[in-house]
Chemist: 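Below: one structure in structure tokens.
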Amino acid sequence: MPELPEVETTRRGLAPYVEGHKLVAFSIHERRLRWPVDIPEDLLGQAVRRLRRRGKYLLAEFDGGALILHLGMSGSLRFVPRGSELLTHDHVELDFGTEQVLRLNDPRRFGCVLWQQGEVESHPLLASLGPEPLENEFSGDQLFKRSRGRRVAVKIFLMDAKVVTGVGNIYANESLFLAGVRPTRKSGSIPRHQWEHVARAVRKVLADSISLGGTTLRDFINPEGRPGYFRQQLRVYDRESEPCIQCGTPLIAVVLGGRSTFYCPACQPAKGFGPVSCRSC
DNA sequence: ACTGGCTCCTGAGGGC
DNA sequence: TGCCCTCAGGAGCCAG
């Protein structure tokens, strides 16, 4: 499950081998991802100017446009020796003329590889994305303003890419625990000062996870897949009935918008803050 | 404008 | 041991 931190880790790991390098060859073994894979032939011989991230999208920018890559929930990008045996679910291969070639493997095929001519931000997938959670434009104040009049649960609101991009299910759960806010609360009922704590918690959770993402980076240069360290850092996610690390109360699991949701009924009360007002400060 | 539900897909895990 | 069933999960899309 590549979340924003893993995508960022992937970006940092790939950039040195991709930026400034020409795409010398590519092959598509399975075109049917979320949308049909689209890589124009005339990209061959062109150099990647920059490898950027927007939310969970990786953008490989060329002079005339950009390749938009998304890893869905099971995708990974890794370098393998040229000519290596294809693994099951190796769908796309990109060859930048370096020692190894880049393979996209995605068992569930929720990811995508799409070409956007011209300004990449104008692509429909990117055009309506909200602010980056680790940039300054993201703030409690902005969350407060956007949430007025909204009745959806705060966790669903946080996972809305138009509100803030890149916050997936796991990090929404973890952030709300840190902020002491119950995930089921209506977003419009949350006062400004609590949104400040939520915003800080989101930043902290993502930043901490990126700092642990170095493991993932080594993973795809050394292709022995290993789960990232952040798994062991999870405070509430997938811990139903286990004791809260803060107070020992058994954690509750509910389903919100079809997604698993976990919280501590004591530290994340139905109204207001938990006993420790903010664990992210 | 919002909201909730459906959809794509496969592997993991539980039950028998 | 093995088969079958259920379900997770990002996020676009659609209907109400």
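Quick note on labels: first sequence line is chain A, next is B, and so on, each numbered from 1.
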Chemist: Taking only N and O in the side chain of A:Tyr57, is any of them less than 4.0 Å away from OP1 or OP2 of C:dG12?
Modeler: yes
Chemist: For A:Gly166 and A:Val255, take the nucleotide of DNA chain C holding the closest heavy atom to each; which residue's nucleotide lies nearer the 5' end?
Modeler: A:Val255
Chemist: Does a side chain donor of either A:Gln116 or A:Ser122 reach within less than 3.5 Å of an acceptor in the other side chain?
Modeler: yes
Chemist: Round to the nearest Å and state the distance from A:Ile68 atom CD1 to C:dG12 atom P.
Modeler: 11 Å
Chemist: Hey, are A:Glu8 and A:Arg12 close enough for a salt bridge, meaning a charged N less than 4.0 Å from a carboxylate O?
Modeler: yes
Chemist: Quick one, give me the B/S/- string for nucleotides 5-12 of chain B, reading 5' to 3', where B means a protein heavy atom under 4.0 Å from the base and S means that only happens at the primed atoms, P, OP1 or OP2.
Modeler: ---BBBB-
Chemist: Rounded to whole Å, how long is the line connecting atom NZ of A:Lys56 with atom C1' of C:dG12?
Modeler: 14 Å
Chemist: Atom NZ of A:Lys186 and atom P of B:dG4: how far apart are they, to the nearest Å?
Modeler: 9 Å
Chemist: Who are the side chain to side chain donor-acceptor pair (under 3.5 Å) partners of A:Arg182, not counting sequence neighbours?
Modeler: none
Chemist: For the pair made of CD1 in A:Ile156 and C1' in B:dT3, what is the distance, rounded to whole Å?
Modeler: 9 Å
Chemist: Tell me the interatomic distance from A:Met73, atom CE, to C:dA11, atom P, rounded to whole angstroms.
Modeler: 11 Å
Chemist: Nearest whole angstrom, please: distance from the P of B:dG4 to the NZ of A:Lys155.
Modeler: 13 Å
Chemist: Taking only heavy atoms on the protein side, list every residue of residues 144-152 of chain A lying under 4.0 Å from any atom of DNA chain C, sorted numerically.
Modeler: none
Chemist: Would you please name every residue forming a ring-ring contact (aromatic ring centres under 6.0 Å, His included) with A:Tyr263, sequence neighbours left out?
Modeler: none
Chemist: Taking only distance into account, with no hydrogens and no angle test, what donor-acceptor pairs under 3.5 Å do side-chain atoms of residues 155-167 of chain A form with protein atoms, sequence neighbours excluded?
Modeler:
residue, atom, partner, partner atom, Å
A:Lys155, NZ, A:Asn169, OD1, 2.7
A:Lys155, NZ, A:Ser260, O, 3.4
A:Lys155, NZ, A:Thr261, OG1, 2.8
A:Asp160, OD1, A:Lys162, N, 2.9

Chemist: Answer with base, sugar-phosphate or nothing: what part of the nucleic acid does A:Phe157 contact at a heavy-atom distance below 4.0 Å?
Modeler: nothing
Chemist: Can you list everything that forms a salt bridge (charged side-chain N to carboxylate O under 4.0 Å, His left out) with A:Glu93? Sequence neighbours excluded, please.
Modeler: A:Arg103
Chemist: Rounding to 10°, can you tell me the angle the first-five-pair axis of the helix from B:dC2-C:dG16 to B:dC16-C:dG2 makes with its last-five-pair axis?
Modeler: 50°
Chemist: Give the other cluster members for A:Val24, using side-chain heavy-atom distances under 4.5 Å between Ile, Leu, Val, Met, Phe, Trp and Tyr residues; answer none if it is isolated.
Modeler: none
Chemist: Taking only residues two or more places apart in sequence, or in another chain, which ones meet A:Gln46 in a side chain to side chain donor-acceptor pair (under 3.5 Å)?
Modeler: none
Chemist: Using a cut-off of strictly less than 4.0 Å between a heavy atom of the residue and any atom of DNA chain B, enumerate the qualifying residues of residues 115-134 of chain A by number.
Modeler: none
Chemist: How long is the span from the CZ atom in A:Arg203 to the CD atom in A:Glu132, to the nearest 0.5 Å?
Modeler: 11.0 Å
Chemist: Would you say the side chain of A:Val18 lies within less than 4.5 Å of the side chain of A:Phe96, judging by non-hydrogen atoms?
Modeler: yes
Chemist: Would you name the heavy atoms of A:Cys247 and A:Cys267 that are closest together and state the gap between them?
Modeler: SG-SG, 3.8 Å
Chemist: Tell me: NZ of A:Lys162 to C1' of C:dG12, nearest whole Å?
Modeler: 9 Å
Chemist: Looking at residues at least two apart in the chain, or sitting in another chain, which of them share a side chain to side chain donor-acceptor pair (under 3.5 Å) with A:Lys186?
Modeler: none
Chemist: Give the rounded distance in Å between these two atoms: CG of A:Asp106 and C1' of C:dA8.
Modeler: 15 Å
Chemist: Side-chain contact test, heavy atoms from C-beta onward, threshold under 4.5 Å: evaluate it for A:Val92 versus A:Leu69 and give yes or no.
Modeler: no
Chemist: Who else is in the cluster with A:Val120 when I, L, V, M, F, W and Y are joined by side-chain contacts under 4.5 Å?
Modeler: A:Trp35, A:Tyr57, A:Leu59, A:Ile68, A:Leu114, A:Leu125, A:Leu126, A:Leu129
